[in-house]
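Read the structure below first, then the notes.
Counting convention: from 1, in listed order, for ligands and their atoms alike. Both backbone and side-chain heavy atoms feed into the values below; hydrogens, waters and symmetry mates do not. What you are looking at is a predicted structure, and each value in this text was computed from that prediction instead of being measured.
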Amino acid sequence: MATPTLAAYREKWREAPRGSDADGRVFSTDLLAMADDAFLAAWQQMAARRYAGEVGWLGPLYFDTFRGKNVAELGPGLGYDGVRFAEHGAHWTFCDIVPDNLAVIRRITTLKGLSDRVHFHLIGDDLSFDALPRDFDAIWVFGSIHHVPFEIARKEALDLLGHLKPGGRWMELVYPRERWLREGAPPFEQWGKLTDGERTPWAEWHDIEKVRRRLFPAPLRTLLDFEFCSHNYRWFDMVYAAERPFRAEDHDVALLSRRANLLQAPVTLNRGARRQWLGPGVVCAPGLFAPSAGIDLGPSMRAVTGAAKGLPGFAVDIECRVGRGAVGIGLVDANGAYLPDAEASVEEGPDSRLVTLRAVGTGVPAKLVVRNLRASGRSIFHLVSATLRPAN
Ligand SMILES: C[S@@+](CC[C@H](N)C(=O)[O-])C[C@H]1O[C@@H](n2cnc3c(N)ncnc32)[C@H](O)[C@@H]1O
């Protein structure tokens with residue numbers, strides 16, 4: 001597939017956010033037209049709003065983490081975060097698709113005497129970061145690549161990930177699904193206009209599993225994952241948990257995808273009826289926690305372990321739609337006990353949800369089970385697909 005052009009996104013993002021949600025946006029070209037004093041004062045005023053506002057706490061949280069370290073930022077806008085961390089001793093590489101955004105940051109950092117701590121990379125339509133070193137300690141992604149469709153973001157993110165050290169951090173701010181639901185669950189082409197102004201071509205909600213899928217098959221350990229500001233934002237801080245820098249060719253992605261849909265076995269409902277796992281909606285048994293469906297993972301497990309020896313664990317990727325109520329989808333062991341941290345709850349909603357259940361160092365999952373999470377009624381769910389794979 002040819003790489004899609006970034007032209008529409010470059011055109012929009014010549015207009016970058018001011019310091020706070022409530023302050024709107026400014027064209028970087030207009031800032032560049034100002035004389036030095038006015039330019040510096042305008043930038044400082046916006047940055048001060050940023051540091052005192054909704055996301056200002058990120059500075060004190062990470063100043064020490066980044067001091068003396070090399071960080072690459074994807075989509076810095078006018079550079080509030082990177083400039084602040086560079087002022088606290090970080091070495092910062094700003095990567096953006098808009099030349100004038102980078103020109104604003106170059107000029108600010110020169111005026112502030114930070115030139116020796118900063119670098120710049122203009123992202124071309126090849127979405128490549130080949131020109132950058134491969135030993136970054138962290139990658140900072142602040143509300144940027146959720147503004148391009150998933151496949152573009154994935155290509156870009158995987159390339160940049162190859163420049164992160166083993167044990168390095170992937171940190172990201174996204175818009176949560178809850179915010180998308182609150183705003184009427186519009187198509188992503190429309191949602192950007194609500195979140196970031198009329199000219200915005202795209203905004204897509206993310207949760208940790210979507211970010212992990214974007215970076216799949218890179219092994220990532222979650223340090224932080226939480227929403228803040230009334231569901232307006234979600235923050236992730238993850239460790240790249242591998243011994244070597246990421247290279248897609250080290251992972252047999254083709255083999256992994258050939259294992260897709262290993263779980264297409266029929267499911268046994270608790271009332272004895274048999275339904276097709278990937279078939280129409282299943283009505284849960286009544287009552288909170290009522291077991292409503294289960295599938296034996298044995299045959300799929302044998303296929304996966306046969307293909308890859310010495311696995312650290314397993315993951316099951318599930319696409320599920322809940323038409324009414326809420327369900328818990330979980331992994332249980334041979335005794336029917338839930339494995340630690342291996343149940344996801346999926347609520348009724350307008351879209352399919354992607355969830356991944358992991359069993360790494362916790363025991364072997366024997367069954368995938370679904371239970372009703374609505375005390376007051378019978379939830380209805382539809383499992384679109386389920387895939388068992390080695391965990392990363
Ligand atoms: C909403 S602004 C956020 C700017 C800044 N991080 C902040 O918090 O103020 C989005 C930024 O991401 C950049 N951007 C948009 N799409 C991008 C992409 N595919 N890759 C890298 N940067 C992108 C834009 O040029 C812009 O600088």
Checklist outcome for this item: Nearest non-hydrogen protein atom to atom 7 (C) of ligand 1, with distance, is Arg50 NH1, 3.3 Å
Next on the checklist: Suppose we measure from atom 21 (C) of ligand 1 to each protein heavy atom; which comes out shortest, and what is that distance?
Outcome noted: Glu156 OE2, 3.2 Å
Next on the checklist: Is there a polar contact, in the sense of an N or O pair closer than 3.5 Å, between Pro17 and ligand 1?
Outcome noted: no
Item to check | Element-labelled atoms of ligand 1 that are located less than 4.0 Å from some non-hydrogen atom of Asn101 | outcome: 25 (O), 27 (O)
Checklist entry - Closest non-hydrogen protein atom to atom 17 (C) of ligand 1, residue and atom name please, with distance? => result Ile97 CD1, 3.7 Å
Checklist entry - To the nearest 0.1 Å, how far is atom 26 (C) of ligand 1 from its closest protein heavy atom, and which atom is that? => result Asp96 OD2, 3.8 Å
Checklist outcome for this item: Note: ligand 1 atoms sitting under 4.0 Å from heavy atoms of Val148 are 19 (N)
Checklist entry - For the residue pair His146 and Tyr175, does the interplanar ring angle fall in the parallel (under 30°), tilted (30 to 60°) or perpendicular (over 60°) class? => result tilted
Checklist entry - Is there a donor in the side chain of Thr222 and an acceptor in the side chain of Arg212, or the other way round, less than 3.5 Å apart? => result yes
Next on the checklist: Under 4.0 Å between a side-chain nitrogen and a carboxylate oxygen: does that hold for Lys210 and Glu204?
Outcome noted: yes
Next on the checklist: Is the contact between Leu78 and ligand 1 made by the side chain, the backbone, both, or neither, using heavy atoms and a 4.0 Å cut-off?
Outcome noted: neither
Next on the checklist: Run Gln45 and Trp43 through side chain to side chain donor-acceptor pair (under 3.5 Å) and show every step you take.
Outcome noted: CA-CA 5 Å; Gln45 198 180 30; Trp43 189 93; over 6 Å; no
Next on the checklist: Are Tyr9 and Trp202 an aromatic pair, judged by ring center distance below 6.0 Å?
Outcome noted: no
Next on the checklist: Considering non-hydrogen atoms of the protein only, which is the closest contact for atom 5 (C) of ligand 1, and what is the distance?
Outcome noted: Pro76 O, 3.3 Å
Item to check | For Val98, the ligand 1 atoms whose distance to one of its heavy atoms is below 4.0 Å | outcome: 25 (O)
Checklist entry - Are Arg117 and Asn70 linked by a side-chain donor-acceptor pair shorter than 3.5 Å? => result no
Checklist entry - Which residue supplies the protein heavy atom nearest to atom 22 (N) of ligand 1, what is that atom called, and how far is it? => result Gly75 CA, 3.4 Å
Item to check | Shortest protein contact, atom 12 (O) of ligand 1 (heavy atom only) | outcome: Ser144 CB, 3.2 Å
Item to check | Structural part of Tyr9 in contact with ligand 1, heavy atom criterion under 4.0 angstrom | outcome: neither
Next on the checklist: To check your reading of the model: name the closest protein heavy atom to atom 10 (C) of ligand 1, its residue, and the distance in Å.
Outcome noted: Gly143 O, 3.6 Å
Item to check | Trp191 and Glu183 side chains, donor-acceptor separation under 3.5 Å | outcome: yes
Checklist entry - Taking the six-membered ring of Phe289, is NZ or CZ of Arg371 closer than 6.0 Å to its centre and within 45° of its axis? => result yes
Checklist entry - What do you reckon, does Cys95 have a nitrogen or oxygen under 3.5 Å from a nitrogen or oxygen of ligand 1? => result no
Checklist entry - Using a heavy-atom cut-off of under 4.0 Å, does the side chain or the backbone of Asp81 touch ligand 1, or both, or neither? => result neither
Next on the checklist: Are there over 12 heavy-atom neighbours, none belonging to Asp225, within less than 6.0 Å of that residue's CG?
Outcome noted: yes
Next on the checklist: Check the orientation of Phe85 and Tyr62. Use parallel for under 30°, tilted for 30 to 60°, and perpendicular for over 60°.
Outcome noted: perpendicular
